[in-house]
2 protein chains.
Amino acid sequence: MVSLPLIKVTLNEVLITKKNDITIKEISKLSGTSKSTVSRVLSGTGYVSTEKRQAIEKVIQETNYRPNMIARSLQSKQTKTLAIILPDVSNPYFIGLIEEIERVSEGYGYTLILINTMSTGADKVKASDDPEIKALHTVQEKQVDGAIIIGGEIDHVKVSSQYLKTLNQLNKHIPIVIIGQKIADCDVIFVQRHINTGMRLIVQHILSLGYRKIGFLGGKPGVQVTEQRLAEFKRLADMYTNYSDNNVLLNDYYLKDGYQGIEQLLDQSDLDAVVAINDRVALGAIRRLHELGKIVPNDIAIGSADQFPDSDYYIPSITTIDQHNNSLGKIAVEQLIRSFNSQPLLTVQSDLPDLVIRESCGENK
Amino acid sequence: MVSLPLIKVTLNEVLITKKNDITIKEISKLSGTSKSTVSRVLSGTGYVSTEKRQAIEKVIQETNYRPNMIARSLQSKQTKTLAIILPDVSNPYFIGLIEEIERVSEGYGYTLILINTMSTGADKVKASDDPEIKALHTVQEKQVDGAIIIGGEIDHVKVSSQYLKTLNQLNKHIPIVIIGQKIADCDVIFVQRHINTGMRLIVQHILSLGYRKIGFLGGKPGVQVTEQRLAEFKRLADMYTNYSDNNVLLNDYYLKDGYQGIEQLLDQSDLDAVVAINDRVALGAIRRLHELGKIVPNDIAIGSADQFPDSDYYIPSITTIDQHNNSLGKIAVEQLIRSFNSQPLLTVQSDLPDLVIRESCGENK
DNA sequence: AAAAAATGTGGTACCGTTCCCACATTAAAG
DNA sequence: CTTTAATGTGGGAACGGTACCACATTTTTT
């Protein structure tokens, strides 16, 4: 099959003068002063005569000079850069967080390095090939001022000891914030959600509507968020319904997991309501049910424990929990900044998760 | 209202030893050699005796030493860093691109700096406050090796001259790739899609199903992609249907634009099919129609010109165009790398956009 | 009017690397 | 057994800034 030229790239003949940027030395020459004086003008500290200041500013203007942050960082030992490490940028949960972290960092004058660990195609042969450990190495090498880690290895119930060792080692040199549940033997700063509250809200809502045959769908086994939500689900289900392990199916967090999982779950158990781990899984399930001729919520109710964007536009719209995830991003950055300034970290207060009642669980049964 | 403590942050008493990283000098001292020899071991170039090499490697191992990339960058004049500048990370079109760009960059040994220009709350008072110009300044200061720009100012039909000036100036020093439609007086590398083909495919599909009263919904006026798609739509609609300007409503790219827009569009014109600018707008429209008691596609067909993830799970699933957006990310990075190596840029070939037939346009009318 | 303080300016060491060069030493070639 | 080549090693300049210090000039205080 011949593929036609679709993507056009303009061949440009422009010679790119690589990094021949103007330096502070040249500014001083052009303005008839010294490096020191230019530096003083740049930083706005120390004494500079109005005369020289204006001359220097004029030259800076004309030459489009901008200080070289690399040189500055080498001297000052700070890069004004934060790193964010996460396993999957395309996950809506992370996207909101990235956006928020970027926004807040920018406000404090920090630039963001993005490391997507799932992106690595490398096989996990040597420990140094582990993309998550590699990410920590990058953080160290690039001399970032602080790092935020979300999900991935540290989110597992059992964290690899090699990873934990590297993490603790790194944390001696640069402050690290983890957005996730606290783990033992790890002295980094944790910013965590109250997982249980959200799960309780959605289960109680479903119970209040009269459903008593409730299942649990999705989430990767061995991951903290999954296991904690499941534990809370079990606790409540045990209390108020006829709970059985057949009511639970764990696989993963994606659309396809809801899509494939719902069928299997209904095969192994007779249910009238299902709590999905998040809106994506819920959507997958709803879609599959639709194809099987079952209407949500009339034939079966689907609730979700974690709101993702857009789910209010689905048909049916999804009854879910707003975990106020994005606020975690702001807090994470702020704790990092406090840490830079040797300010004590605060125990932050925030709104509780909210139940968002929409269509997918229906009205009273 | 009292807000209960939800987010817990562990107060850690660990003193963070700021950036007292071990240096090459200390490695040389500990191993009884010189800076030069250590450097040679690190880079794997030049002559080093097996004896000394092993001694040095042992010390490196024990001390968890990692070379300081900042110092290295200052000397080598390359940072092994790329910047990606875009207006809105939460836009699904951009997310796929970010993921792909990160993946490919990582493969080439480059780290990614993420700059989200819409995130800035700053008012556009002075030109230097313009977040997009500020982003270019960051790129210059951070000495990145190359930058990729997607959307935003350069995607407008009329680009601000101040911005264009800054962009061209920057491009003299570092290679820039723009993923978007070519604009005049701009010598950066462009990677562009064939917008028209996709629009033609979806319109032809809708025509082939028998619809003749076709509208166009969504997209920000003044933005190239919108205007080009609209122009192609008009051309085809003029040819095969009874076209009127009332059949078109432009607003923006988001869910709410489809949601609000569809009602207004149907008020001003009697339509039996609508092409939305992308799947998000399509979903918004479908949701609103659902609330108004109109079934898609039975009462009205909704097609889309740009596929976003997940839209195959919607009810109804959306008939759309796969623009193969993600491949643009790979190409962008590769052109940048070629540019670093002074290799000529290639006119890349790629698959044509594909029509993805699903449910929202129905079968034959 | 002299002393003290405030203001203004350039020189130089340093940050942690790499790279070039000079100098040893050993091995191979004549 | 000398000459040349290959191998091995450390010293020091450079990258582009900042920060400290010494010194010169002006202004203020006593």
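Order of the sequence lines sets the chain letters (A, B, ...), proteins ahead of strands, with each chain counted from 1.
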State, with a plain yes or no, whether a side-chain heavy atom of B:Y110 is found less than 4.5 Å away from one of B:F340.
yes
In a check of side-chain hydrogen bond (donor to acceptor under 3.5 Å, both in side chains) between B:R66 and each of A:E141, A:Q143, A:Q140, which one passes?
A:E141
Taking atom types as modelled, is there a side-chain donor on B:S36 or B:S39 under 3.5 Å from an acceptor on the other?
no
Taking atom P of D:dG12 as reference, at what distance in whole Å does atom CD of B:Q75 sit?
17 Å
Any donor-acceptor N/O pair under 3.5 Å between D:dG17 base and A:S39 side chain
no
Would you say the base of D:dG17 and the side-chain of A:K35 have a donor-acceptor pair closer than 3.5 Å?
yes
Look at all strands and tell whether B:T23 reaches a base, only sugar-phosphate, or nothing, counting heavy atoms closer than 4.0 Å.
sugar-phosphate
Between B:I24 (CD1) and C:dC15 (C1'), how many Å, whole number?
14 Å
Starting at CD1 of A:I56 and ending at P of C:dG10, how long is that distance when rounded to a whole Å?
8 Å
Can you tell me if the side-chain N/O atoms of B:K77 get under 4.0 Å from OP1 or OP2 in D:dG16?
yes
Do nucleotides 3-9 of chain C as a string where each nucleotide becomes B, S or -: B if the base has a protein heavy atom under 4.0 Å, S if just the sugar-phosphate does, - if no protein is that close.
---SBBB
Between D:dA19 atom C1' and A:R72 atom CZ, what is the distance in whole Å?
13 Å
Looking at B:N116 and B:V89, would you say the former's side chain and the latter's main chain have a donor-acceptor pair under 3.5 Å?
yes
Neighbour count >12 (heavy atoms, 6.0 Å) for atom CD, A:E62
yes
Starting at NZ of B:K142 and ending at C1' of D:dG17, how long is that distance when rounded to a whole Å?
15 Å
Strictly below 4.0 Å, N to O, side chains only: are B:E26 and B:K29 in salt-bridge contact?
no
Roughly, in whole Å, what's the span from CG in B:L42 to P in C:dC19?
12 Å
Give the minimum heavy-atom separation between A:P87 and A:G152, together with the two atoms involved.
CG-N, 3.7 Å
What's the CD1-P distance between A:I27 and C:dG10, to the nearest Å?
15 Å
Spacing between A:L74 atom CG and C:dA13 atom P, to the nearest angstrom
17 Å
